[in-house]
*Asks:* 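Here it is, the structure in full.
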Amino acid sequence: MRPGRQLAVLGFIFVVLYLLVFFAGASGSWKDRLEPKLGLDLIGGTRVTLEATNSVDGKPPTAENLEEAREIIESRVNAFGVAEAEVVTEGNRNIVISLPGENRNLDDVGEAAELRFRKVLKAASGSGVAEAPPAATPAPSGSAAPTGSATPSGAATPTPAGSASPKVTSSPSGGQGGMAPASPSTTPTPSASATASPSAAAPSASAEPVPASVEEQRKAVEQKVGTAAWQAANGLQAPADLSADPSLAEKLKPFGTLSPQEVAVLPAQMQFNVPTIGCAQLDQRPPASISDAKQQVVSCEDGASKYLLDQAKVLGTDVSDADAVLDQTNAWVVSLDFTGDGQGKWTSLTREAFNNEGQACDATALGQDGKCRVAVVLDNKIVSSPEIQGVLTGNSQITGTFTQKDASTLAGQLRYGALPVTFEQQEAQNVTATLGASHLRAGLLAAGIGMLLVIIYAFFYYRLLGSVIFLSLILSALLVFGALVVLGRQIGFTLTLAGIAGMIVSLGVAADSFVIYFERLKDEIREGRSPRSAVPRAWIRARRTIISANAITLLSAVVLYVVSVGTVKGFAFALGLATVLDLVVVFLFRHPIMTMFARTRAFLSPRVSGLGRALPARNQPTQPRNPRAKEA
Amino acid sequence: MAQNGLASRLYNGEAGLNIVGRRKLWFGVAGVLVLIAILSFSIRGFSLGIEFAGGNSFQVPASVGTLDDAEREVNSALAAENTGVMVATTQKVGGPGGDSYELRTPQLTAEQATAVKAQIAEDLGISADQISDNQVSEAWGSQVTERAVLGLVIFIALVMVYLILRFEWRMAVAAVASLITNLILTAGIYSLVGFEVTPSTIIGFLTILGFALYDVVVVFDKVQENTRGITANNNQTYSEASNLAINQSLMRSLNTSVVALLPVGGLLFIGAGLLGAGTLKDLGLVLFVGMAVAFLTSILVATPLLALLKNYDPRIQAHNKRVLTRRGAVGRGEVAGKGAAASPVAQADATDEPVDQDAAALAGAAPKVGARPAGKRPTGARGGRPGGGGNRPGGAKRR
């Protein structure tokens with residue numbers, strides 16, 4: 001290939017790369033578009049590595065389990081509302097959480113997933129806005145729909161998407177139960193006074209005593225909101241109707257400002273009854289805030305409805321399997337299987353809900369068929385609250401207007417409880433923004449010094465040819481930078497301190513390929529070839545060595561990337577990337593430039609090229625030399 | 001040539017160092033060093049970073065006072081939270097963003113760490129946002145090491161395959177043997193000097209693999225070239241040809257090593273000099289030590305080992321015998337030939353190979369048909385093929 005053509009290819013690559021940098025998925029000012037994605041050790045942030053272990057046999061979890069575990073963790077982390085939170089799996093057992101730019105306590109996200117089945121006792125609005133009248137509760141009203149019949153699912157009127165409440169029926173094979181779908185009417189909830197149910201308002205007799213530490217924290221919250229507000233909240237027997245009582249609204253206002261952690265320590269009755277406590281706060285309570293099966297708790301569904309829930313009678317560990325399946329009517333449903341033990345508990349829970357025994361469920365909380373609902377609570381949120389359509393003694397189905405995706409998600413969430421995975425915090429790193437910036441500057445400084453040293457050496461040893469090295473290093477740096485920006489955006493590659501170190505190390509690789517080439521060239525010239533013929537000959541021979549040597553560096557980078565954990569990955573990726581780009585520069589820049597250089601006269605002058613020093617030997621014919629031996 | 005200094009001869013690849021011939025010396029030295037390294041592993045062990053023992057570290061800005069102040073405050077915070085541990089080590093670390101103090105403690109639970117951090121912030125009168133903290137469980141270091149060993153094994157297996165395809169199995173064995181020597185010696189230096197081993201060290205350790213082989217590939221490439229078609233004539237033994245290759249590529253190896261060490265030196269300078277601790281220093285140090293060792297092992301172990309292995313190849317064995325035979329004959333004046341009877345390299349061959357001088361001399365008494373006088377060869381110490389043309393004997397011209 002002609003040198004001009006190779007340079008044109010390089011130019012093309014360069015233009016395409018930088019078009020990608022500026023226009024592919026980029027936004028903001030020119031400066032923003034040029035920003036590579038930096039790791040949190042460079043901009044500050046929190047990074048936690050959790051090791052997942054199969055709690056049954058102590059081995060690494062299966063890939064499937066690990067992915068499900070990652071999803072749980074991700075949903076917990078997303079509850080923080082950090083924009084660039086990232087939760088990824090690493091190797092066969094690690095889950096890495098990074099929160100760039102944020103220092104947060106992530107101690108709790110690694111708690112085991114808590115799946116609970118709780119009967120819904122009461123419902124209220126979860127908007128949390130003081131002005132909002134609780135009448136807007138979207139809880140479906142109780143309608144006396146026939147239940148227990150063998151009506152096939154989905155036989156009746158189609159339900160409007162998005163508003164249908166799911167139902168639990170027994171699987172068709174069970175031959176029991178059924179459902180009567182109907183669009184839930186959005187009738188206003190009866191007024192607060194009407195729903196006041198003394199039995200539910202008082203803490204359940206079997207509730208565990210509150211631990212002392214919680215008592216202390218409650219005191220702190222009490223001080224924060226003020227005694228008046230606390231007493232007003234304590235006096236509530238039902239969700240207060242603030243529109244009816246503006247003075248109460250004023251009193252309860254401080255509750256709206258509590259942090260999720262503070263809300264978590266409040267008694268369940270208070271969390272439920274104080275309308276200023278919204279789902280926004282409830283959803284972000286620390287994980288495991290409501291995992292105690294013996295307590296009544298408050299939780300939200302879809303961030304809108306707030307429910308008071310009974311003790312958990314069935315736990316996630318009672319579920320043996322959950323799958324999204326198509327039923328006979330071609331609708332997506334979630335089938336639910338229980339373990340032997342769990343089946344008994346599930347049957348008694350459904351009996352209780354179906355017959356409305358025990359802790360009575362309130363009229364606000366009934367399903368559209370007038371039966372109690374059972375909430376599936378994952379961590380702090382209700383993922384689904386199907387109405388119970390019968391006493392379920394066998395496998396059950398949750399029906400509703402599910403898409404395949406909805407059904408799979410729900411099935412996945414139900415399986416979480418059965419997920420035999422526990423997490424252990426392996427590594428936690430909290431880097432302040434100042435320290436991060438300091439790291440970044442140090443890394444760049446090290447890269448600068450490294451590059452400078454290489455260039456000085458190149459000029460010292462190869463004289464003018466050093467400028468070729470200089471130019472190709474600059475070119476490599478520009479390519480690497482462009483690739484970093486693009487890869488950061490497209491595949492989420494983040495540059496960490498270890499990555500910068502990888503880049504610096506790759507400078508050596510890049511410079512090495514010069515040395516190999518130039519030393520070859522020196523050999524050729526010493527043998528008496530003219531520069532014009534020496535360049536292509538040296539190139540052909542050096543090429544082989546360069547490719548083998550770079551292949552080995554690349555091999556080590558790939559192996560490191562695939563098997564390693566932690567910051568090694570970033571290092572290996574950077575090293576591999578820089579090595580590949582070095583090959584591009586070697587083939588498309590250095591060789592054509594050298595070919596062009598060889599046509600100039602200055603090339604051979606010892607003062608200019610550093611290669612001429614090989615010449616004098618040739619000029620002394622008396623010197624006994626055997627050019628063949630030098631041939632390389 | 002004699003009037004040139006060593007530097008110039010090095011530059012031109014004519015230093016004429018007898019490296020392959022002294023292989024017993026190199027192997028001996030390498031063997032003793034490897035033994036010392038292994039003894040050091042078992043007796044002294046390594047000084048492991050907190051990542052392996054498990055522990056916490058807190059980094060507070062130096063603006064809070066002296067290092068002793070910071071330590072006292074952290075100790076009181078540790079006591080206040082009933083952790084029952086004390087600060088283990090303290091260190092002042094620099095950085096372009098301002099100095100800070102790093103205080104390490106034995107492992108705390110996540111809750112304790114959070115509480116201690118809040119307490120330190122309160123005691124020192126700074127915001128908790130200004131404190132960086134790190135927590136590593138005991139299992140983390142072993143997980144990193146476990147993966148690193150796995151990576152090492154996979155890499156060596158793959159590189160064996162690659163080298164066998166690219167060169168041949170003897171070269172692959174020699175290259176990997178020198179690689180392993182390199183790793184053992186580097187680890188030995190770490191153990192003896194007592195440098196701290198962190199997961200970053202292990203990363204760097206794995207990266208040396210690539211570099212150590214880089215040098216070996218450069219030399220072997222030349223050896224392969226010099227010995228292509230070597231059996232077609234009787235001038236050089238394999239050892240001599242490979243020794244020549246080393247000499248010719250010595251400058252190249254030296255240059256690639258220097259050039260690769262320069263940026264790592266920059267890394268080390270910033271990491272150790274400016275920052276005082278952390279990823280950059282750990283990486284820089286292990287790469288620097290490893291790459292320096294790699295330069296030596298690639299020259300002093302890899303190629304001599306290759307020559308040794310090659311000498312057991314029946315074809316090469318026969319060839320060496322022929323060369324020595326011929327030299328024997330030349331020495332007795334039966335055949336006009338090389339000035340020197342045998343090069344030092346060849347003598348080494350003669351002593352540790354199944355080709356003994358007597359046999360060679362005996363065989364030499366009856367010159368082979370077709371043995372022909374070589375050209376005038378004043379520089380007999382180094383081999384070379386007769387004739388001057390540009391054609392390579394015994395092999396297709398490589399393109």
Side-chain angles (χ1 to χ4, degrees), chain A residues 51 91 103 105 107 424-432 434-435 437-438 441-443 445-446 449-450 453-454 457 497-498 501 504-505 507-508 511-512 515-516 519 526 540 544-545 548-549 551-553 555-556 559-560 563-568 571 613-614 617 624 626-630 632, chain B residues 12 59 95-97 110-111 114 129-130 132-137 139-140 143-144 147 150-151 154-155 158-159 162 166 199 203 206-207 209-210 213-214 217-218 221-222 248 251-252 255-256 258-260 262-267 269-270 274-275 279-280 283 287 378-379 382 384-385 388 399:
Chain A
E51 184 187 34
N103 287 313
N105 181 0
D107 295 350
E424 203 183 325
Q425 185 165 320
Q426 289 290 323
E427 188 205 30
Q429 209 183 14
N430 229 325
V431 179
T432 64
T434 332
L435 187 66
S438 171
R441 260 175 290 174
L445 200 59
I449 290 182
L453 286 175
V454 169
Y457 186 79
L497 194 58
I504 297 174
V505 168
L507 272 178
D512 276 357
V515 172
I516 291 172
E519 290 291 313
R526 199 168 34 215
I540 287 159
R544 227 170 98 88
T545 314
S548 339
I552 284 180
T553 309
L555 191 65
S556 72
V559 170
L560 271 182
V563 302
S564 62
V565 292
T567 48
V568 192
F571 176 84
R613 266 186 283 165
N626 176 11
R628 293 279 315 136
K630 294 290 132 351
Chain B
N12 286 322
Q59 221 168 353
E111 291 75 29
T114 314
D129 292 346
Q130 289 174 270
S132 294
D133 66 310
N134 255 302
Q135 181 180 21
V136 179
S137 78
W140 176 242
Q143 202 189 344
V144 169
R147 306 295 292 183
L150 180 65
I154 293 177
F155 178 76
L158 286 178
V159 105
Y162 177 78
R166 170 75 174 70
I203 306 173
L206 291 181
T207 320
L209 299 175
L213 284 170
Y214 200 111
V217 165
V218 170
D221 216 40
K222 189 76 186 175
Q248 286 172 342
M251 205 55 206
R252 201 163 313 173
N255 257 334
T256 53
V258 168
V259 147
L262 284 175
V264 174
L267 199 64
F269 175 72
I270 290 295
L274 196 59
L275 289 181
T279 314
L280 290 186
L283 269 177
L287 284 172
T379 53
R382 281 191 325 283
R385 297 183 212 73
R399 280 258 95 200

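Chain letters run A, B, ... following the sequence lines, proteins first and then strands; every chain starts at 1. Keep in mind that the numbers below use all heavy atoms, side chains included, and drop hydrogens, waters and symmetry copies. What you are looking at is a predicted structure, and each value in this text was computed from that prediction instead of being measured.
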*Asks:* Measure across A/Glu519 and B/Asn255 and return the closest heavy-atom pair with its distance rounded to 0.1 Å.
*Replies:* OE2-ND2, 3.2 Å
*Asks:* For B/Leu267, which atoms come within 4.5 Å of any heavy atom of chain A: side chain, backbone, both, or neither?
*Replies:* both
*Asks:* With A/Thr553, which residues qualify under side chain to side chain donor-acceptor pair (under 3.5 Å), at least two apart?
*Replies:*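 A/Thr553: no side chain to side chain donor-acceptor pair (under 3.5 Å) contacts found.
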*Asks:* Show the nearest heavy-atom pair for residues B/Gly266 and A/Ala446, with the distance to one decimal.
*Replies:*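 Here B/Gly266 and A/Ala446 meet closest at O-CB, 4.1 Å.
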*Asks:* What's the verdict on side-chain contact (heavy atoms from CB on, under 4.5 Å) for A/Ile504 and B/Val264, showing C-alpha distance, side-chain angles and the deciding distance?
*Replies:* CA-CA 7 Å; A/Ile504 297 174; B/Val264 174; 5.9 Å; no
*Asks:* What part of B/Phe155 gets closer than 4.5 Å to chain A, counting heavy atoms only: side chain, backbone, both or neither?
*Replies:* both
*Asks:* Of all the heavy-atom pairs spanning B/Gly151 and A/Val559, show the shortest one and how long it is.
*Replies:* O-CG1, 3.3 Å
*Asks:* Out of curiosity, A/Ile516 CD1 to B/Lys222 NZ, how far, rounded to the nearest 0.5 Å?
*Replies:* 12.0 Å
*Asks:* Taking all non-hydrogen atoms of both residues into account, name the closest pair between A/Val454 and B/Pro263 and its distance.
*Replies:* CG2-CD, 3.6 Å
*Asks:* So how far is it from B/Leu213 CG to A/Ile552 CD1, rounded to the nearest 0.5 Å?
*Replies:*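 Here the rounded value is 5.0 Å.
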*Asks:* Counting heavy-atom pairs closer than 4.5 Å to chain B, which one of A/Ile449, A/Asp512, A/Val515 comes out on top?
*Replies:*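 It is A/Asp512.
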*Asks:* If you take all heavy atoms of A/Ala551 and B/Tyr162, which pair is closest and at what distance?
*Replies:*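 Here A/Ala551 and B/Tyr162 meet closest at CB-OH, 3.5 Å.
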*Asks:* Specify the closest pair of heavy atoms between B/Ile270 and A/Ala442, including all atoms of both residues, with the distance to one decimal.
*Replies:* CG2-O, 3.4 Å
*Asks:* Under 4.5 Å from any heavy atom of chain A, what part of B/Leu283 do you find: side chain, backbone, both or neither?
*Replies:*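 The answer is the side chain of B/Leu283.
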